[in-house]
2 protein chains.
Amino acid sequence: MALDHAILVSLLEKPGSGYELARRFERSIGYFWTATHQQIYRVLKRMEQDGWIDVREVPQQGRPDKKEYSVAERGRDALSAWLREPIEPESVRHDLAVKIRGAAFDDPAGLISEVERHREAHTGRLGHYLAGEARDFGEPPEDGTLDAERELQHVVLRGGIAYERMMIAWLDDVLATLDRFRAGP
Amino acid sequence: MALDHAILVSLLEKPGSGYELARRFERSIGYFWTATHQQIYRVLKRMEQDGWIDVREVPQQGRPDKKEYSVAERGRDALSAWLREPIEPESVRHDLAVKIRGAAFDDPAGLISEVERHREAHTGRLGHYLAGEARDFGEPPEDGTLDAERELQHVVLRGGIAYERMMIAWLDDVLATLDRFRAGP
DNA sequence: TCTTGCTATGCAACGAGGTGCATAGCAAGC
DNA sequence: GCTTGCTATGCACCTCGTTGCATAGCAAGA
């Protein structure tokens, strides 16, 4: 299970509450690992019981108090152990690919609007990534030293960018293919 | 849930037993939707009860008998309805990306062998896809007509090829980045 | 004969993930 | 005063997916 580890990484990058984590999972980390707030609270509770993370009650003004979590020694060890474990290359689940193959037995051209919707979603994400890249990695760090956290975040973001570009190109290929079946057989 | 629909599509492409489906999910369909044989048998049972698919006992010589499933009217309708439903662009789960960002708090260079393993896996898949493409789509159909099933299978396969190429290029990027931290800080 | 291995189907149990719902503090606007 | 909306946390339930195990027919080879 990698949700534990995704949360640990996020907390190492910056301690925060369950609510804040949930919002990070809508951006940043969420680009390559999704989770709802219920999942996050559940995992936080378990990790706290296991001593992987520490809690600190933080009173706030103008809004409800929060529990700020940070990674404890045991959490670091658990993450370290996980990093050393080989994992299987991801198992993919592409609904859209199933739909495309399925459309052969229904109406291929009927899928066009759906594929266009997906294309727009990916274009949006790409724009978002590129804006983030320009903002956070536009200029090299002042002191010129190697910052592992920064460099590794950047290479992951480049992966997201490459993925979205690939998807957009492929969806164009799909659209061109579907288009050949407009009012066809 | 799309496992139902992935199975329906596979059975429309060619009727078969649970065992045969399980093997297809290790190849072909399995490239963009994974499933174990237990999942498949469970779903087949449910879909048969719901009248989505028909069964036929097929005696075999030299091996145990099998149950051959094929798609019934209701199954076609269910697939058709699903094709018309908009779906959300997939939620991604990349363990490796979590690991890469996590490596900033451990030993970045320690990830190199793991990333190399993934690179090999993707290279293998790419070779497999390219061989399949040459075999199944190397030459255009004799009669020159548009075959939706063939064309749509091909465009999905091209997606797989584009994905693997993108991943290999990105993993090279990751390796180059990690390499800068060899025996580093 | 015994083991190994492939074909073929299935159950039981558990854990992960998702949906819906509930609660509560506080601010801003109607 | 009431509603709306954001922050913040959590429970209950149900489904999906995975793991481990079990059974059984038949072939091939040691």
Side-chain angles (χ1 to χ4, degrees), chain A residues 1-8 11 15-27 29-30 32-50 53 55-69 82 87-95 98, chain B residues 1-8 11 15-27 29-30 32-50 53 55-69 82 87-95 98:
Chain A
M1 226 276 289
L3 178 54
D4 301 35
H5 306 107
I7 289 177
L8 287 175
L11 288 179
S17 69
Y19 189 80
E20 283 161 358
L21 281 168
R23 304 196 58 191
R24 288 184 211 170
F25 273 84
E26 288 166 7
R27 303 175 286 104
I29 286 269
F32 50 88
W33 201 275
T34 58
T36 61
H37 79 271
Q38 289 87 347
Q39 271 182 78
I40 291 167
Y41 283 119
R42 198 186 306 157
V43 170
L44 284 174
K45 194 176 180 182
R46 196 187 62 232
M47 291 201 296
E48 193 206 329
Q49 285 170 352
D50 294 348
I53 52 178
V55 208
R56 198 169 62 91
E57 288 274 347
V58 179
Q60 302 188 109
Q61 59 251 43
R63 51 178 69 178
D65 298 351
K66 66 174 181 179
K67 297 183 187 174
E68 194 183 77
Y69 293 93
W82 178 68
I87 49 172
E88 287 307 303
E90 357 68 68
S91 50
V92 189
R93 304 231 153 153
H94 286 292
D95 295 75
V98 177
Chain B
M1 223 277 288
L3 178 54
D4 300 36
H5 306 106
I7 289 177
L8 286 175
L11 288 178
S17 68
Y19 188 80
E20 283 160 359
L21 282 168
R23 304 199 57 194
R24 287 184 213 171
F25 273 83
E26 289 166 7
R27 302 174 287 107
I29 287 270
F32 50 89
W33 201 274
T34 57
T36 60
H37 79 271
Q38 289 87 345
Q39 269 182 81
I40 292 166
Y41 283 120
R42 197 189 305 160
V43 171
L44 284 174
K45 195 176 179 182
R46 195 186 66 232
M47 290 202 294
E48 193 206 329
Q49 285 170 350
D50 293 348
I53 52 178
V55 208
R56 198 169 62 94
E57 289 273 348
V58 179
Q60 300 188 108
Q61 60 250 44
R63 51 178 71 175
D65 298 351
K66 66 174 180 178
K67 297 183 186 176
E68 195 183 77
Y69 293 93
W82 178 68
I87 49 172
E88 288 307 303
E90 355 68 67
S91 50
V92 188
R93 305 231 155 154
H94 286 293
D95 295 75
V98 177

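Order of the sequence lines sets the chain letters (A, B, ...), proteins ahead of strands, with each chain counted from 1. Here the structure is a predicted model, which is why all the values come from computation and not from measurement.
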Quick one: is [X] getting a side-chain N or O under 4.0 Å of the [N] phosphate, OP1 or OP2?
X	N	answer
A:Ser17	D:dT7	no
A:Lys45	D:dT9	no
B:Tyr41	C:dT9	yes
B:Lys67	C:dG10	yes
A:Tyr19	D:dT7	yes
A:Arg23	D:dC6	no

Measure [atom1]/[X] against [atom2]/[N] and give the value in whole Å, please.
X	N	atom1	atom2	result
B:Gln49	C:dG10	CD	P	11 Å
B:Phe25	D:dT18	CZ	C1'	16 Å
A:Glu90	D:dG17	CD	C1'	17 Å
A:Leu21	D:dT7	CG	P	15 Å
B:Glu57	C:dT7	CD	P	19 Å
B:Glu68	C:dT7	CD	P	17 Å
A:Ile40	D:dC11	CD1	P	15 Å
B:Gln39	C:dC11	CD	C1'	15 Å

Would you say A:Arg24's side chain and A:Gly30's backbone share a donor-acceptor pair under 3.5 angstrom?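 Not confirmed, A:Arg24 side chain does not pair with A:Gly30 backbone.
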Under 3.5 Å, is there a donor-acceptor pair between the side chain of B:Arg93 and the main chain of A:Thr34?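 Confirmed, B:Arg93 side chain pairs with A:Thr34 backbone.
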For the side chain of A:Arg93, counting heavy atoms from C-beta on, which of D:dT18, C:dG18, C:dT9 is nearest?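 Side chain of A:Arg93 sits closest to D:dT18.
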side-chain contact (heavy atoms from CB on, under 4.5 Å) between A:Asp4 and A:Trp82, worked out: CA-CA 10 Å; A:Asp4 301 35; A:Trp82 178 68; over 6 Å; no
Restricting to non-hydrogen atoms, name the atom on B:Tyr69 and the atom on B:Ser17 that form the minimum distance, rounded to 0.1 Å.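 Closest pair (atom of B:Tyr69, atom of B:Ser17, distance): CD1-CA, 4.4 Å.
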Which heavy atom of B:Phe25 sits nearest a heavy atom of B:Ile40, and at what distance?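 Where B:Phe25 meets B:Ile40 most closely, the heavy atoms are CD1-CD1, 3.9 Å.
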Sequence-aligned protein contact record of nucleotides 25-30 of chain D, with B where the base is within under 4.0 Å of a protein heavy atom and S where only the sugar-phosphate is: BSS---
Quick one: does [X]'s side chain get under 4.5 Å of [Y]'s, heavy atoms only?
X	Y	value
B:Leu11	B:Ile7	yes
B:Trp33	B:Leu3	yes
B:Leu21	B:Leu44	yes

Heteroatom pairs (N/O) under 3.5 angstrom, protein to nucleotides 19-21 of chain D:
unit_1: D:dG20; atom_1: O6; unit_2: B:Gln38; atom_2: NE2; d: 2.9

Output yes when A:Glu57 and A:Lys66 qualify as a salt bridge under the 4.0 Å nitrogen-oxygen rule, no when they do not.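 No.
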Salt bridge (charged side-chain N to carboxylate O under 4.0 Å, His left out) with B:Arg42: which residues, sequence neighbours excluded?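 Here no residue qualifies.
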Nearest nucleotide by nearest heavy atom, which residue falls closer to the 5' end of DNA chain D, B:Asp4 or A:Glu20?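 By nearest-heavy-atom nucleotide position, the 5'-most residue is A:Glu20.
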